[in-house]
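First comes the structure, then the notes that go with it.
As the structure is a computational prediction, the values presented were derived from the model and not from experiment. Residue numbers begin at 1 in each chain, while the letters A, B, ... track the order of the sequences.
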Protein chains: 2
Amino acid sequence: MDIEQAFGIVLKKYRLERSISQENLAFGAGLDRTYISLLERGKRRPTVNTLFAISKVLNVKPYKLIEDIENLVYINQD
Amino acid sequence: MDIEQAFGIVLKKYRLERSISQENLAFGAGLDRTYISLLERGKRRPTVNTLFAISKVLNVKPYKLIEDIENLVYINQD
DNA sequence: TTGTGACTAAAAGTCCGTG
DNA sequence: TCACGGACTTTTAGTCACA
């Protein structure tokens, strides 16, 4: 699996766990609603700064998101 | 400290620990020599994909780089 | 509430060079 | 070996109307 796909899956997982809409996540992170949609569908390769902004709203540490992404990219096949 | 500055410091730290030149790091990661220089000087905001590419060459897990960056951005004030 | 195409502005990333 | 810069191409950031 490639990195942007994994990012999208992890992002969506945390967002849904917290019952936040794409729109509210976008607002909190200073991003656009449609951009969150693009990220979740693996259509964009976010910068590290964007990762940090999103992490803050999701109340999860950036390294934890990256760790989950690594697990999808390098280990798990699910 | 902002994220791109922290990224540059962490990147340079790991690169020097491993005695790799900017040029060899760039080659290994499929990037340009001058771009590594820009990153180390905090002049660019790398994508998450770039983080992963660099991590591979430095033989350090991406989440570990991010953790170090967090420590600089959120904790230390130097 | 979200997916999507189409778009412009901005930034990533390359390639040339110098000191 | 690296900092630094100009000029460049490619991709992301960010926005809109619409389904």
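Rounded to an integer number of Å, the gap from CD of E40(A) to P of dG3(C) is 6 Å. Rounded to an integer number of Å, the gap from L25(A) CG to dG3(C) P is 12 Å. Following rounding to the nearest Å, L11(B) (CG) and dA3(D) (P) show an atom-to-atom distance of 10 Å. Atom CD in E23(A) sits about 13 Å away from atom P in dG3(C), given to the nearest Å. Atom pair F7(A):CZ and dT12(D):P shows a separation of 13 Å (rounding to whole Å applied). Distance, I36(A) CD1 to dC16(D) C1': 17 Å, rounded to whole Å. A straight line from CZ of R41(A) to P of dT12(D) spans 14 Å, rounded to a whole angstrom.
Take the nearest nucleotide of DNA chain D for K43(B) and for N24(B): the residue whose nucleotide is more 5' is N24(B).
A close approach under 4.0 Å does not occur between any side-chain nitrogen or oxygen of R15(B) and OP1 or OP2 of dT1(D).
The minimum heavy-atom distance linking Y63(A) with E70(B) is given by the pair N-OE2, 2.7 Å. In this structure, N59(A) and R18(A) approach most closely via the heavy-atom pair O-NH2, 3.9 Å. For P62(A) against L51(A), the heavy-atom pair with the smallest separation is CB-CD2, 4.3 Å.
A side-chain contact (heavy atoms from CB on, under 4.5 Å) with V48(B) is found for one member of L65(A), T47(A), I66(A), T50(A) and no other, namely I66(A).
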TODO: Start with the C-alpha gap between E40(A) and R15(A), add the side-chain angles, then the distance that decides, and say whether salt bridge (Lys or Arg N to Asp or Glu O under 4.0 Å) holds.
DONE: CA-CA 10 Å; E40(A) 288 191 353; R15(A) 181 177 66 78; 2.5 Å; yes
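Between I20(A) and Y14(A) the shortest side-chain heavy-atom distance does not fall below 4.5 Å. Residues I54(A) and L58(A) are in side-chain contact: their nearest non-hydrogen atoms beyond the backbone lie under 4.5 Å apart.
Among the heavy atoms of the strands lying under 4.0 Å from S21(A) are primed sugar atoms or P, OP1, OP2 only; no base atom is included.
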Task: Heavy-atom protein contacts under 4.0 Å, nucleotides 13-19 of chain C, coded B base, S sugar-phosphate only, - none - done: BBBBB--
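Across the strands present, dT12(D) finds its partner in dA9(C); the criterion is a Watson-Crick or G-U wobble pair with both atom distances under 3.5 angstrom.
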